[in-house]
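Residue numbers run from 1 in the order of the sequence given.
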Amino acid sequence: MAAPLGGMFSGQPPGPPQPPPGLPGQASLLHATPGAPRTSNNTLVDELESSFEACFASLVSQDYVNGTDQEEIRTGVDQCIQKFLDIARQTECFFLQKRLQLSVQKPEQVIKEDVSELRNELQRKDALVQKHLTKLRHWQQVLEDLSVQHKKPAEIPQGSLAYLEQASANIPAPMKQT
């Protein structure tokens, strides 16, 4: 799997990814490789940010607002978006390479992350179950209250004033309109 990932960045030799410079276990800050056609020490993150800003600027540019050639506008916007997508793919590839390196160098770290993710998912699902149980208990209580109210009229004589008072007590008061 390392072979297809190698050589994705210009100036990088094909084959397994090279360890990042610096201290062992520390990832570089996405520095562009030497000899690559990048401008003065830009990183992939810098390029991703600038290409996003270019996409946004092309959408709100006065040149495009005042322009009459829709095809020219569309082409310019498409080019900006395509550049952004290309750099985003390169950035994703970089992080996939680092993930691959981590899984080879420290497999126990990957297992710890997986266990942590599973614990978080279990906590989230437990909270969801508790939420549903709370709602279930609420509606069970509502149903129980309704069944008790339906049994009470049988205990009270039909023509009595107490029955009317009891029935009217269960009717909600009308809301005042402001």
Side-chain angles (χ1 to χ4, degrees), residues 1-139 178:
M1 180 167 187
L5 292 177
M8 289 295 291
F9 301 99
S10 56
Q12 188 179 24
Q18 301 299 318
L23 298 174
Q26 282 186 336
S28 66
L29 196 59
L30 301 176
H31 287 291
T33 56
R38 301 217 163 110
T39 58
S40 66
N41 292 335
N42 278 350
T43 64
L44 279 174
V45 173
D46 292 336
E47 288 188 27
L48 186 67
E49 182 180 6
S50 65
S51 66
F52 175 76
E53 288 171 354
C55 286
F56 189 73
S58 69
L59 293 173
V60 297
S61 172
Q62 282 293 55
D63 295 337
Y64 290 140
V65 172
N66 296 334
T68 56
D69 186 11
Q70 293 296 319
E71 190 60 35
E72 180 182 331
I73 294 170
R74 183 173 294 133
T75 303
V77 171
D78 284 346
Q79 286 175 350
C80 289
I81 291 173
Q82 190 60 43
K83 180 181 178 189
F84 174 75
L85 290 174
D86 289 342
I87 294 173
R89 284 185 196 106
Q90 289 177 4
T91 306
E92 180 183 21
C93 182
F94 175 85
F95 283 111
L96 287 173
Q97 285 178 336
K98 295 304 173 189
R99 183 72 177 170
L100 178 63
Q101 284 178 353
L102 180 65
S103 68
V104 170
Q105 294 172 356
K106 296 184 178 186
E108 69 279 357
Q109 182 66 30
V110 174
I111 293 171
K112 286 179 185 178
E113 289 175 6
D114 289 343
V115 168
S116 176
E117 288 175 9
L118 289 171
R119 282 187 181 136
N120 290 339
E121 185 175 347
L122 279 174
Q123 289 175 348
R124 184 185 60 80
K125 288 184 178 182
D126 284 342
L128 187 62
V129 166
Q130 290 301 320
K131 177 182 168 186
H132 286 297
L133 285 175
T134 303
K135 286 182 179 182
L136 179 65
R137 287 187 196 113
H138 168 74
W139 287 112
T178 56

Start with the C-alpha gap between Asp114 and Glu117, add the side-chain angles, then the distance that decides, and say whether side chain to side chain contact (heavy atoms under 4.5 Å, CB included) holds.
CA-CA 5 Å; Asp114 289 343; Glu117 288 175 9; 4.3 Å; yes
Kindly indicate, with the supporting measurements, whether the criterion side-chain hydrogen bond (donor to acceptor under 3.5 Å, both in side chains) is fulfilled by Thr43 and Asp46.
CA-CA 5 Å; Thr43 64; Asp46 292 336; 3.2 Å; yes
Let's go through Arg89 and Glu92 carefully: what are the C-alpha distance in whole Å and the side-chain angles of both, what is the deciding distance for salt bridge (Lys or Arg N to Asp or Glu O under 4.0 Å) to 0.1 Å, and is it a yes or a no?
CA-CA 5 Å; Arg89 284 185 196 106; Glu92 180 183 21; over 6 Å; no
Please evaluate residues Glu121 and Lys125 with respect to the criterion salt bridge (Lys or Arg N to Asp or Glu O under 4.0 Å), reporting the C-alpha separation (whole Å), side-chain torsions for both, the decisive distance (0.1 Å), and the verdict.
CA-CA 6 Å; Glu121 185 175 347; Lys125 288 184 178 182; 3.1 Å; yes
Might you work through the salt bridge (Lys or Arg N to Asp or Glu O under 4.0 Å) test for Lys83 and Asp86, ending with a clear yes or no?
CA-CA 5 Å; Lys83 180 181 178 189; Asp86 289 342; over 6 Å; no
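Heavy-atom minimum distance, Ser58 versus Val77: OG-CG2, 4.0 Å.
To the nearest 0.5 angstrom, Ser51 atom OG is 14.0 Å from Phe56 atom CZ. Rounding to the nearest 0.5 Å gives a distance of 13.5 Å between CG of Leu128 and CD of Gln123. Atom CD of Glu71 is separated from atom CG of Asp78 by 8.5 Å, given to the nearest 0.5 angstrom. Taking CZ of Phe95 as the reference point, atom CG of Leu100 lies at 15.0 Å (rounded to 0.5 Å). With rounding to the nearest 0.5 angstrom, the CG atom of Leu96 is 11.5 Å from the CD atom of Gln101. Rounded to the nearest 0.5 Å, atoms CD1 (Ile111) and OG (Ser103) are 10.5 Å apart.
Inter-residue side-chain proximity for Gln130 and Leu133 is flagged as met; some heavy-atom pair is nearer than 4.5 Å. Here the side chains of Leu48 and Gln90 are not in contact, with every heavy-atom distance at 4.5 Å or above. Contact of the Lys98 side chain with the Phe94 side chain is registered, since non-hydrogen atoms from C-beta on lie closer than 4.5 Å.
When the options Glu49, Glu47, Gln82 are evaluated for a side chain to side chain contact (heavy atoms under 4.5 Å, CB included) with Ile87, the one that passes is Glu47.
No donor-acceptor distance shorter than 3.5 angstrom exists from the side chain of Ser116 to the backbone of Lys112, with no hydrogens or angles considered.
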